[in-house]
Amino acid sequence: MNGDRIRDLLAGGETVLMPGVWDALSARLAAEAGFEVLFVSGYATAATLLGLPDFGYLTQTEVAEVARRVCSSVPQAAVVVDGDTGHGNALNTIRTVELLEAAGAAGVFLEDQVWPKKCGHLAGKKVVPREEWLAKLRAAVDHRDRLFVVARTDARAALGLEEACDRARAAREIGVDAVFVEAPESVADLEAVAAAVPDAVRVANMIEAGKTPLLTPAELHELGYDLIVSPLTGLFAAARSLATAYQTLREQGSLRDRLDLLVSFDDFGRVVDLDRHYRLESEYVENPAYQEESGRDR
C-alpha cells in the first residue's frame with residue numbers, strides 16, 4: 001500500500017480513522033478489526049521498544065525498522081508513520097522519507113518541534129522557526145514517491161493558535177497532503193483551525209484524557225476533520241490488560257480461574273496465521289521428496 005490509497009479514501013468522502021500500532025502483532029490485530037489505515041505511533045513505539053516516554057529518544061533507523069516490520073505484517077493496510085521532526089534538518093528529512101518508503105510506509109507525519117521533541121500533549125514543547133520547518137516539508141514533498149505527507153505543527157502550545165493556523169496555511173501552500181495542528185484545547189480551537197485552512201485535509205488527534213476534547217469521527221467530520229488518529233488507544237488498553245494479568249499471576253500463581261483475562265491458545269494462533277505455517281511446513285519440511293533431495297545434498 002502507498003499514499004494513493006489514503007488519497008483515494010479521502011477523495012471518496014470517507015472519514016479515515018487510524019488506530020495507533022507499534023509492532024507487527026498490534027498491527028495484525030488492528031487490521032483484523034477492519035482498519036484500512038494504521039498509524040505507527042512514536043509515543044507507543046518509544047514505550048514498547050525502549051520503555052521510555054516520548055522525549056525524542058527514538059532514532060531514525062529504529063523508527064524505520066519498526067515501520068518495516070509493521071508494513072510487512074499487514075500488506076493489505078496503508079501504514080502512516082510518525083516521522084517526528086524528520087530526525088534533523090531538511091537533508092535528514094529526505095533520508096527519513098527514503099527509509100520509510102523503502103520500509104513500505106504509505107505516509108508520514110512531520111512536525112515543527114525543536115529536537116529532541118516531546119509528545120504533543122506533554123508540557124514544555126518548543127518549535128523551530130517557521131521557515132526551518134517549511135524547508136523540511138518542501139524537501140519531503142520534493143523527494144517522496146507517493147508518500148502521503150502530513151504537516152504537523154505544535155505551535156498552538158508554544159506560540160498560540162494564530163501562529164499555528166499561519167503555519168498550517170503555509171504548509172498547505174507547499175503541497176503537503178494534510179495539515180495537523182496538534183493539541184487544540186476546545187471545539188472552538190478546532191473550528192478556528194478548520195476555518196484557517198478550508199481547502200486542506202485536516203487531521204485531528206484523539207488521545208484519551210489528552211488536551212483535545214475526545215470526539216467521534218462523525219462529530220469531527222462535522223467540524224471539518226476527516227483524517228483522525230487515535231494513537232494511544234491500543235497501547236493504553238494493552239498496558240492495563242498486561243498489568244492486570246501479571247498482578248493476578250503474581251497473587252494467585254496461575255490464571256486458571258481467570259481465563260476470561262486471556263485470549264485462548266487457538267485464537268492467538270489464528271492471529272499469527274498459524275495454520276498457514278503448518279501448511280508451509282507440510283509442503284516444504286515434511287514432504288518426502290523434499291527430504292530425499294535435502295539428504296542427497298548432504
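Values in this document were obtained by computation on a predicted structure and should not be read as measured data.
Using a cutoff of 4.0 Å between basic side-chain nitrogens and carboxylate oxygens, R5 and D8 are not scored as salt-bridged. The residues K125 and E182 are annotated as not salt-bridged, no charged nitrogen and carboxylate oxygen being separated by less than 4.0 angstrom. Salt bridge annotation for D177-R144: present, with a cationic side-chain nitrogen under 4.0 angstrom from a carboxylate oxygen. Between R69 and D23 there is no salt bridge, since no side-chain N of the basic residue sits under 4.0 Å from a carboxylate O of the acidic one.
The backbone N or O of V197 sits less than 3.5 Å from a side-chain atom of R202, completing a donor-acceptor pair. Looking at E62, its side chain does come within 3.5 Å of a backbone N or O of T59 through a donor-acceptor pair. In this structure a side-chain-to-backbone donor-acceptor pair under 3.5 Å is missing from S282 to Y278. Using modelled atom types, no side-chain atom of S26 and backbone atom of V21 make a donor-acceptor pair closer than 3.5 Å. Q113 places a side-chain N or O within donor-acceptor distance of the main-chain N or O of K118, the cut-off being under 3.5 Å. Of the possible polar contacts, one joining the H121 side chain to the K211 backbone as a donor-acceptor pair under 3.5 Å is found. At distances below 3.5 Å, not a single donor-acceptor pair connects side-chain atoms of E222 with backbone N or O atoms of E219. Judged by distance alone, the side chain of S41 and the main-chain N or O of G20 form no donor-acceptor pair under 3.5 Å.
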Please test R167 against E163 for salt bridge (Lys or Arg N to Asp or Glu O under 4.0 Å), starting from the C-alpha separation and ending with a verdict. CA-CA 6 Å; R167 290 188 179 214; E163 173 63 16; 2.8 Å; yes
I'd like to know whether V66 forms a side-chain contact (heavy atoms from CB on, under 4.5 Å) with W22, so could you lay out the CA-CA distance, the side-chain angles of the two residues, the decisive distance to 0.1 Å, and finally the verdict. CA-CA 7 Å; V66 170; W22 56 89; 5.6 Å; no
For D189 and R156, run salt bridge (Lys or Arg N to Asp or Glu O under 4.0 Å): C-alpha distance rounded to whole Å, both residues' side-chain angles, the deciding distance at 0.1 Å, then the answer. CA-CA 9 Å; D189 278 4; R156 166 67 181 86; 2.9 Å; yes
Report the C-alpha distance between S230 and L17 in whole Å, list the side-chain angles of each, state the deciding distance to 0.1 Å, and finish with yes or no for side-chain contact (heavy atoms from CB on, under 4.5 Å). CA-CA 7 Å; S230 187; L17 175 60; 4.3 Å; yes
Report the C-alpha distance between V229 and M206 in whole Å, list the side-chain angles of each, state the deciding distance to 0.1 Å, and finish with yes or no for side-chain contact (heavy atoms from CB on, under 4.5 Å). CA-CA 6 Å; V229 59; M206 295 289 102; over 6 Å; no
Is there a side chain to side chain donor-acceptor pair (under 3.5 Å) between Q247 and T244? Walk through the geometry before answering. CA-CA 5 Å; Q247 188 63 38; T244 299; over 6 Å; no
Side chain to side chain donor-acceptor pair (under 3.5 Å) for Q60 and R95? Distances and angles first, verdict last. CA-CA 9 Å; Q60 182 187 55; R95 183 164 185 250; 2.7 Å; yes
Run the side-chain contact (heavy atoms from CB on, under 4.5 Å) test on R152 and D112 for me, step by step, so that the C-alpha distance in whole Å, both residues' side-chain angles and the decisive distance to 0.1 Å come before the verdict. CA-CA 7 Å; R152 166 181 154 176; D112 60 355; 5.8 Å; no
List the steps and the verdict of salt bridge (Lys or Arg N to Asp or Glu O under 4.0 Å) for E32 and R270. CA-CA 10 Å; E32 185 178 272; R270 180 177 51 77; 3.0 Å; yes
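Other residues, nucleotides and ligands contribute more than 12 heavy atoms inside 6.0 Å of the CD atom of E185.
I228 and V80 fall into different hydrophobic clusters, where Ile, Leu, Val, Met, Phe, Trp and Tyr residues are linked whenever their side-chain heavy atoms come under 4.5 Å apart, directly or through other members.
The aromatic rings of F109 and F39 are tilted relative to each other, their planes meeting at an angle between 30° and 60°.
Side-chain contact, T233 with E208: a donor N or O sits under 3.5 Å from an acceptor N or O.
The side-chain heavy atoms of L38 and P19, taken from C-beta on, include a pair separated by under 4.5 Å. Side-chain contact between L25 and V271 is present, with heavy atoms from C-beta onward closer than 4.5 Å. In this structure, the side chains of V203 and V179 stay at 4.5 Å or more apart for every pair of heavy atoms. When side chains are defined from C-beta on, L190 counts as touching Y225, because their heavy atoms get closer than 4.5 Å.
In this view, A192 and L161 satisfy the side chain to side chain contact (heavy atoms under 4.5 Å, CB included) rule, not counting sequence neighbours.
The side-chain hydrogen bond (donor to acceptor under 3.5 Å, both in side chains) contacts involving residues 70-94 comprise D84-K117, where partners must be two or more places apart or lie in separate chains.
Atoms CG and OH, on L235 and Y43 in that order, are 7.0 Å from each other to the nearest 0.5 Å.
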